[in-house]
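Working notes, structure below.
So that the names make sense, note that chain A is the first sequence line, chain B the second, and so on, each numbered from 1. Since the structure is predicted, the reported quantities are computational estimates derived from the model, not experimental observations.
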Protein chains: 2
Amino acid sequence: MSKVLVNTLGLGTVGVASFFWGRSSTPADVATESKTDSKNLPAIVNGGNGAPDKALFNPELVKPSQFFKYGFPGPIHDLQNRSEFVSCYNRQTRNPYWVVEHITKESVQRGSGVDRKNSVFKEDEAIPAKFRSRLRDFFRSGYDRGHQAPAADAKFSQVAMDETFYLTNMSPQVGDGFNRDYWAHFEDFARRLTNRYDNVRIMTGPLFLPKRCDDGKYRVTYEVIGSPPNVAVPTHFFKLIVGENNGDDRISVGAFVLPNERIDNTDDLTKYQVPVEALERSTGLELLQKVPFSKKKDLCREVKCEILVREFPKQAKNVLALPGK
Amino acid sequence: MSKVLVNTLGLGTVGVASFFWGRSSTPADVATESKTDSKNLPAIVNGGNGAPDKALFNPELVKPSQFFKYGFPGPIHDLQNRSEFVSCYNRQTRNPYWVVEHITKESVQRGSGVDRKNSVFKEDEAIPAKFRSRLRDFFRSGYDRGHQAPAADAKFSQVAMDETFYLTNMSPQVGDGFNRDYWAHFEDFARRLTNRYDNVRIMTGPLFLPKRCDDGKYRVTYEVIGSPPNVAVPTHFFKLIVGENNGDDRISVGAFVLPNERIDNTDDLTKYQVPVEALERSTGLELLQKVPFSKKKDLCREVKCEILVREFPKQAKNVLALPGK
């Protein structure tokens, strides 16, 4: 029976048979074994018939979690506690998942001698090399190394500012018209909130959002920079901004999603406000879930959500990534 | 000084000023406040000059991790311990990150009365609704609900098989030519390994890989199905297969990456073998890191890595997703 069955199943060569029944096969001995004892045929080969005494199989012999004895695969989220922010790094996109910050009216003032010219972009060696974003990934990529926690939010100390230059705080951002312009003004908006709230807490991160294509289907498309391709270029960035005053258990919340592209400075910031739940759905993150609904106010009904266009110093912002500019 | 400075910074309207210095502003009173006391100007507004007595600022007043009092955002990895597999779900792509399985020669035999016709696809209610993949996301999407841990690996009990039908074990897969054909043969290859190894452990999951475009840049492009777009359609799928014999501390390892598209049955399976490290880099996962290099053997040098083309029953595989077929 075995010969016929084996042939029926397309196993008609000795080489294949050795794989099925051999215990000592190596490529060299593939052609030398030819045991075809049907008693050794497992159910999957003989079509599931004839397996003896099913009642005896104990499902507890199947132990899928033993895979982890080889090491837990992750995903690992590399959390870094910095002076001004906490970052959570995504080893797959080699971008942050998010960074969270805390700023106050006092913290955003410049400490004595603190200057971003003293800071240098640096790879984060806490990340295993194979998952690390690298300076050379950004080099000549056409994208800025875009701070998620802005350097200007960490002016209270040089150490704090230097820490914002770790690549685990960076995503590739369009420079002109975005990182150096609208996005910078948006960061400034968040800082100005410290005049209204005792504590401003900000979550910032990349997004990879679908858009509707001509065929009616939705697709996500994003570039990956570096050679070999290593660091994903987000399609959008978000900020979730929370204002909180001492002695008030209510918080003021604004969620914003901006495309990673040139944005006209005349665009209203409110155009980019989104419901927090929409941000949850697109990030997969749970946001402010411990705060009761009744304690959340709309930031843009409390303050005027708008950017103020001012010139930012550009020369130090991204010398390496765009050497021609 | 304050008037001039404020105008220099583009703050020349009373409405904006109220946002900067007001404490009680609402949209209604934006135009009514006009305090412009320069002593209240924070450094960010007055250009960083004149902040008093920097030595007094205590960096420990900046507490970024207090963001988490609102709730930790995640990413959460929803782990599910099933009879035949453990799954780890990605709330952002609404696919598994991975599933790991354990199969043996005995476990892949069909238990009495076990039949996939008794199983139904089901949403996993352990996932919060806003992050859950849904049956209707797949409906008329053109894609199969592709098992990551195959139903046929869980034939030892109906419960085990039923569990493979949770959507947390599914990714959208091309049906004809892939899920119902080459991929199914590949799954069968992994099952046949139970004749060679006492324990076969398999990790399976989706990938979103870049490809080189005409302009020389690398881009990831993938569809998102559902209305609104909800579930990402992977560009590729991987399996990491480990064979292990009792009493032998060496393991045999094969990593494979297959495109989520029709694959010709004549394609050699070895064409899709990749180095484990390449899979680590593209998934962001650490794979088998606890096993010393010297204890890892190449699966495809131990066995013949090839698919065997057999007919699989198609009618029950995906009735809902492709009603026309």
Side-chain angles (χ1 to χ4, degrees), chain A residues 10 19-20 27 42-44 48 51 54 57 59 62-65 67 70-71 73-75 83-86 91-92 97 100-102 105-112 130 156-157 191 195 201 210 217-224 229 281 284-291 303-304 308-310, chain B residues 9-10 19-20 30 42-44 48 51 54 57 59 62-65 67 70-71 73-75 83-86 91-92 100-102 105-112 130 156-157 191 195 201 210 217-224 229 280-281 284-291 301 303-304 308:
Chain A
F19 163 36
F20 270 91
I44 187 64
K54 304 296 185 183
F57 182 72
V62 176
K63 297 176 177 170
S65 65
F67 189 94
Y70 306 136
S83 303
E84 196 271 325
F85 65 97
V86 177
R91 294 179 172 193
Q92 198 267 316
Y97 279 109
V100 295
E101 302 175 73
H102 175 212
K105 190 192 290 190
E106 293 74 30
S107 80
V108 298
Q109 299 199 17
R110 188 180 301 277
S112 176
K130 60 187 150 202
F156 59 86
S157 91
R191 273 190 298 277
N195 292 291
R201 304 182 202 280
K217 295 180 177 179
Y218 286 83
R219 290 187 186 84
V220 175
T221 297
Y222 60 88
E223 192 176 342
V224 185
R281 288 180 182 276
L285 302 172
E286 292 196 271
L287 301 174
L288 315 175
Q289 71 272 27
K290 286 190 177 174
V291 183
V303 301
K304 194 160 167 59
L308 301 176
V309 178
R310 302 189 281 138
Chain B
L9 297 175
F19 164 38
F20 270 89
V30 155
I44 187 64
K54 303 297 186 185
F57 182 72
V62 176
K63 296 177 178 170
S65 64
F67 189 95
Y70 305 137
S83 303
E84 196 270 326
F85 65 97
V86 177
R91 293 178 173 195
Q92 199 267 317
V100 294
E101 303 176 71
H102 175 211
K105 190 192 291 191
E106 293 74 30
S107 80
V108 298
Q109 300 198 18
R110 187 179 302 278
S112 178
K130 59 187 150 201
F156 59 85
S157 91
R191 273 190 297 277
N195 292 292
R201 304 182 202 280
K217 296 181 177 179
Y218 284 84
R219 288 188 186 84
V220 175
T221 296
Y222 59 89
E223 191 176 341
V224 185
E280 288 184 299
R281 288 180 182 276
L285 302 172
E286 293 196 270
L287 301 174
L288 315 176
Q289 71 272 27
K290 286 191 176 174
V291 183
R301 291 186 62 86
V303 301
K304 194 162 168 54
L308 301 175

Original post:
Looking at B/Ser83, B/Gly74, B/Pro73, B/Pro59, which has the largest count of heavy-atom pairs under 4.5 Å with chain A?
Top reply: B/Pro73

Original post:
Quick one: what part of A/Leu288 sits under 4.5 Å from any heavy atom of chain B, side chain, backbone, both or neither?
Top reply: both

Original post:
With chain B, which of A/Arg281, A/Glu101, A/Glu106, A/Glu84 has the greatest number of heavy-atom pairs at distances under 4.5 Å?
Top reply: A/Arg281

Subject >> Per-residue contact mode, A/Ser65 against chain B (heavy atom under 4.5 angstrom) >> reply: both

Original post:
Can you tell which of A/Lys63, A/Arg201, A/Arg91, A/Gln92 has the highest number of heavy-atom pairs within less than 4.5 Å of chain B?
Top reply: A/Arg201

**OP:** Under 4.5 Å, counting heavy-atom pairs only, tell me which of B/Ser157, B/Pro75, B/Ser107 racks up the most with chain A.
**Re:** B/Pro75

Subject >> Structural part of A/Gln289 lying under 4.5 Å from a heavy atom of chain B >> reply: both

Original post:
Under 4.5 Å between any side-chain heavy atoms of B/Pro229 and A/Pro210, yes or no?
Top reply: yes

Subject >> Heavy-atom contact with chain A under 4.5 Å, split by part of B/Glu280 >> reply: both

**OP:** Using the test side-chain contact (heavy atoms from CB on, under 4.5 Å), find all partners of B/Glu223 that sit at least two apart in sequence or belong to another chain.
**Re:** A/Lys217, A/Arg219, B/Tyr143, B/Ile225, B/Val233

**OP:** With sequence neighbours excluded, tell me which residues meet ring pair (Phe, Tyr, Trp, His ring centres under 6.0 Å) with B/Tyr70.
**Re:** B/Phe67

Original post:
Given the options B/Leu287, B/Val220, B/Val100, B/Val86, which has more heavy-atom pairs under 4.5 Å with chain A than any of the others?
Top reply: B/Val220

